Amino acid sequence: MVDPVHSPARQYPESYYATTIRERVPVTTLDGSISAAVCIVGGGYTGLSAALHLARRGIDAVVLEQFRIGWGASGRNGGQVHTGQRRNQYWLERHLGKSAAHAMWDVAVGARDHLDWLIQNYSIDCDLRLGLLHADHKPSYLRDTRQYIEYLQRECLVATDDYVGGYLDDRGGHLHPLNFALGIARAAHSHGAVLYEDAGAIRVTRKGSGWEVTAKGGRVLADRVVLACNGYLHGLSPEVEAHVMPINNFIAVTEPLGEDRARFLIQNGYAVSDSRFVVYYFRMTADHRLLFGGGENYSYKFPKDIGGFVHKHIRRIYPQLASVRLDFAWGGTLAITPTRMPFIREIAPGYFNSSGYSGMGVVLAPYLGRILADAIAGDRTEFELLSAIPVPRFPGGGALRTPTLIAAMSFAALRDRL
Ligand SMILES: Cc1cc2nc3c(=O)[nH]c(=O)nc-3n(C[C@H](O)[C@H](O)[C@H](O)COP(=O)(O)OP(=O)(O)OC[C@H]3O[C@@H](n4cnc5c(N)ncnc54)[C@H](O)[C@@H]3O)c2cc1C
């Protein structure tokens with residue numbers, strides 16, 4: 001399962017995060033045939049958290065990661081900590097009814113509490129900072145956020161003229177995503193989970209009452225299997241891929257700007273996330289660089305010059321940074337669903353999937369990993385709630401879903417520019 005457009009096996013992409021790793025995790029390589037109660041495919045937040053919560057209960061869990069722990073979106077993302085679901089409460093009430101919408105809010109609050117619990121309980125060294133500004137870039141979006149404008153203007157929280165309003169989420173914030181992933185991995189290992197790198201799963205097949213996962217280096221016989229591959233699934237499960245679609249998103253990091261300039265550009269160390277369809281999200285790093293995410297594409301190819309691609313978006317928000325040097329630029333693949341609600345399912349007896357967090361996985365993915373572990377251990381309450389949320393297939397099926405998605409996404413992104 002070597003992914004031709006990303007980094008070679010065993011390497012992280014050349015990101016700011018990879019050069020600032022502090023968390024270390026004991027890993028091993030697969031050599032031959034092993035058995036386990038649960039085999040988890042994918043070493044990002046979902047898979048690692050599922051492993052942690054299974055191992056905490058004394059259930060024997062192994063993780064197969066095709067490259068390195070945290071190699072996927074979990075080690076490359078913007079690190080923005082959101083509260084809530086990808087859809088707001090109005091949408092949830094309209095589509096699911098009041099009581100399910102309230103239950104989804106409770107899940108989101110549980111997910112946010114879970115993030116704090118992980119970081120505190122396992123002393124994960126990942127620079128968590130609180131405060132997330134949601135900024136509106138169009139006057140017509142102001143109706144719901146009007147009461148916050150005065151506050152934002154008065155406080156001059158972001159030194160840009162591009163936004164007309166917004167609101168502050170003081171439970172939102174940002175963190176170092178790769179150290180967060182590696183910290184969860186360390187926690188899972190401390191409870192006995194075994195983590196295999198360079199062990200891409202090639203096939204999952206029924207074997208008696210359980211499952212056989214054939215992978216690079218060997219195979220795993222397991223009672224249960226968890227797919228936790230999100231945007232990197234690449235053919236392992238056509239059923240999941242009918243509902244969950246990969247998209248690429250890009251990040252650049254500037255040279256260090258110095259403490260004063262960094263504080264002027266964004267007050268109070270907050271993260272910012274805006275109202276564009278293709279969201280601009282940005283924040284300062286611990287060493288006062290601007291880390292800026294903006295721009296996405298829907299093909300298997302990344303732009304040749306990712307720095308140049310992101311820089312045009314940076315200039316839009318901060319014209320004063322037109323000549324800033326970019327020290328890092330990289331891309332990653334996340335996954336969306338047609339409704340932007342996660343796709344958590346038992347796709348066959350004992351064969352589970354969770355993915356499609358639609359850009360909100362820093363908080364949601366570890367929590368849904370926990371929900372999978374609970375379900376496998378016999379407590380299916382939250383699993384039943386979430387797996388009952390309808391997530392239709394993408395129109396067009398396997399062959400046509402990409403062109404259909406590109407057309408829909410490009411149109412929505414165009415509306416942002418009007
Ligand atoms: C550029 C970017 C910016 C983002 N910014 C944010 C943000 O600011 N806030 C937020 O909440 N979310 C953000 N996201 C989304 C978030 O990163 C994801 O939702 C989250 O990391 C998903 O975690 P995961 O464990 O499900 O998947 P991943 O972290 O992608 O992990 C999946 C893993 O599965 C492995 N894998 C795939 N196939 C196989 C196989 N056959 N065998 C073995 N292993 C396999 C992959 O190598 C990968 O490591 C962003 C994503 C990107 C790409």
Side-chain angles (χ1 to χ4, degrees), residues 1-3 6-7 9 12-13 15 17 30 39-51 63-84 86 111 115 132 172-175 177-178 180-181 184-185 196-204 213-217 220 226-237 240 244 246-252 271-273 279 281-283 291-296 302 306 310 329-336 342-344 353-366 368-369 372:
M1 297 299 295
V2 173
D3 176 346
H6 301 285
S7 314
Y12 287 109
S15 73
Y17 302 133
L30 187 61
C39 176
I40 297 161
V41 182
Y45 300 144
T46 306
L48 296 168
S49 175
V63 175
L64 301 181
E65 164 54 47
Q66 64 179 338
F67 298 135
R68 306 209 52 187
I69 296 297
W71 178 90
S74 299
R76 305 167 185 233
N77 65 67
Q80 301 230 341
V81 172
H82 299 267
T83 1
R86 179 69 175 75
L115 180 127
L132 174 61
H174 57 91
L175 50 67
L178 181 53
F180 180 49
I184 304 173
Y196 294 93
E197 286 190 337
D198 207 1
I202 298 157
R203 238 180 356 264
V204 180
V213 182
T214 310
K216 183 175 173 194
V220 184
V226 168
L227 279 187
C229 302
N230 206 42
Y232 291 98
L233 194 56
H234 295 317
L236 211 52
S237 166
V240 173
V244 179
I247 61 177
N248 301 321
N249 195 280
F250 304 100
I251 292 181
V272 183
S273 177
V279 177
Y281 52 95
F282 48 98
R283 62 186 176 91
L291 185 152
F292 191 101
E296 60 191 27
F302 287 0
I306 295 178
V310 179
W330 67 91
T333 305
L334 60 141
I336 60 169
F343 186 68
I344 178 169
N353 176 80
S354 182
S355 59
Y357 310 107
S358 305
M360 302 273 278
V362 170
V363 177
L364 291 178
L368 268 66
L372 286 177

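Keep in mind it's a predicted model, so treat the numbers as computed, not measured. Atoms within a ligand are numbered from 1 in the order they appear, just like the ligands themselves.
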A.B. asks: Against ligand 1, does A228 come closer than 4.0 Å with any heavy atom?
C.D. replies: yes

A.B. asks: When you measure from atom 13 (C) of ligand 1 to each heavy atom in P177, G235, G359, P246, which option holds the nearest one?
C.D. replies: G359

A.B. asks: Between G332 and ligand 1, does any nitrogen or oxygen pair lie at a separation below 3.5 Å?
C.D. replies: no

A.B. asks: Give yes if a backbone or side-chain nitrogen or oxygen of G200 is under 3.5 Å from a nitrogen or oxygen of ligand 1, and no if not.
C.D. replies: no

A.B. asks: Mark yes or no for whether S74, through its side chain, and G44, through its backbone, hold a donor-acceptor pair below 3.5 Å.
C.D. replies: no

A.B. asks: Please tell me if the side chains of E197 and W71 come closer than 4.5 Å, counting only heavy atoms from C-beta onward.
C.D. replies: no

A.B. asks: Do L64 and L30 come close enough that some side-chain heavy atom pair is under 4.5 Å?
C.D. replies: yes

A.B. asks: Can you tell me how far CD1 of I344 sits from OH of Y357, rounded to the nearest 0.5 angstrom?
C.D. replies: 6.5 Å

A.B. asks: Run down the list A73, G42, S273, S354 and name the one with the heavy atom closest to atom 30 (O) of ligand 1.
C.D. replies: A73

A.B. asks: Under 4.0 Å from a heavy atom of G72: give me the atoms of ligand 1 that qualify, with their elements.
C.D. replies: 29 (O), 30 (O), 48 (C), 49 (O)

A.B. asks: Below 4.0 Å, non-hydrogen atoms only: which portion of L364 touches ligand 1? Side chain, backbone, both or neither.
C.D. replies: neither

A.B. asks: Has ligand 1 got any nitrogen or oxygen that is less than 3.5 angstrom from a nitrogen or oxygen of N249?
C.D. replies: no

A.B. asks: Checking the N or O distance criterion of under 3.5 Å, is ligand 1 in contact with Q66?
C.D. replies: yes

A.B. asks: Counting only heavy atoms closer than 4.0 Å, does ligand 1 sit against the backbone of Y357, its side chain, both, or neither?
C.D. replies: side chain

A.B. asks: Got an N/O contact under 3.5 Å between A201 and ligand 1?
C.D. replies: yes

A.B. asks: Who are the ring pair (Phe, Tyr, Trp, His ring centres under 6.0 Å) partners of Y17, not counting sequence neighbours?
C.D. replies: H176, W330

A.B. asks: If you define the side chain from C-beta out and look only at heavy atoms, does anything of I251 sit under 4.5 Å from L291?
C.D. replies: yes

A.B. asks: If the condition is side-chain contact (heavy atoms from CB on, under 4.5 Å), which residues does A185 pass it with, not counting sequence neighbours?
C.D. replies: V25, L48, I69, L195

A.B. asks: Report yes if some N/O of L334 lies less than 3.5 Å from some N/O of ligand 1; otherwise report no.
C.D. replies: no

A.B. asks: If you count the atoms of ligand 1 from 1 in the order shown, which ones are under 4.0 Å from a heavy atom of V362?
C.D. replies: 9 (N), 10 (C), 11 (O), 12 (N)

A.B. asks: Quick one: does S355 get within less than 4.0 Å of ligand 1, heavy atoms only?
C.D. replies: no

A.B. asks: Is V240 close to S355 at the side-chain level, that is, under 4.5 Å between some pair of heavy atoms?
C.D. replies: yes

A.B. asks: Any nitrogen or oxygen of L236 lying under 3.5 Å from a nitrogen or oxygen in ligand 1? Just yes or no.
C.D. replies: no

A.B. asks: List every atom of ligand 1 that sits less than 4.0 Å from any heavy atom of Y232, numbering the atoms from 1 in the order shown and giving each element.
C.D. replies: 30 (O), 37 (C), 38 (N)

A.B. asks: Taking only heavy atoms of G78 into account, list the atoms of ligand 1 that are under 4.0 Å away from them.
C.D. replies: 3 (C), 4 (C), 5 (N), 6 (C), 7 (C), 8 (O)

A.B. asks: Any heavy atom of L233 sitting closer than 4.0 Å to ligand 1?
C.D. replies: no

A.B. asks: Check this for me - ligand 1, S74, N or O atoms closer than 3.5 angstrom, yes or no?
C.D. replies: yes

A.B. asks: Is the closest side-chain heavy-atom distance between L115 and F180 below 4.5 Å?
C.D. replies: yes

A.B. asks: If I take atom CG from residue N230 and atom CD1 from residue I336, how far apart are they, to the nearest 0.5 angstrom?
C.D. replies: 11.0 Å

A.B. asks: Calculate, to the nearest 0.5 Å, the distance between atoms SG and CG belonging to C229 and N353 respectively.
C.D. replies: 8.0 Å

A.B. asks: For the residue pair N249 and Y281, establish whether any side-chain heavy-atom pair is separated by less than 4.5 Å.
C.D. replies: yes

A.B. asks: Classify the ring geometry between F282 and F292 as parallel (under 30°), tilted (30 to 60°) or perpendicular (over 60°).
C.D. replies: parallel

A.B. asks: Do any nitrogen or oxygen atoms of T333 lie less than 3.5 angstrom from nitrogen or oxygen atoms of ligand 1?
C.D. replies: no

A.B. asks: Please classify the V41 to ligand 1 contact at 4.0 Å (heavy-atom distances, strictly less than): side chain, backbone, both or neither.
C.D. replies: side chain

A.B. asks: Under 4.0 Å, counting heavy atoms only: does G293 come that close to any atom of ligand 1?
C.D. replies: no

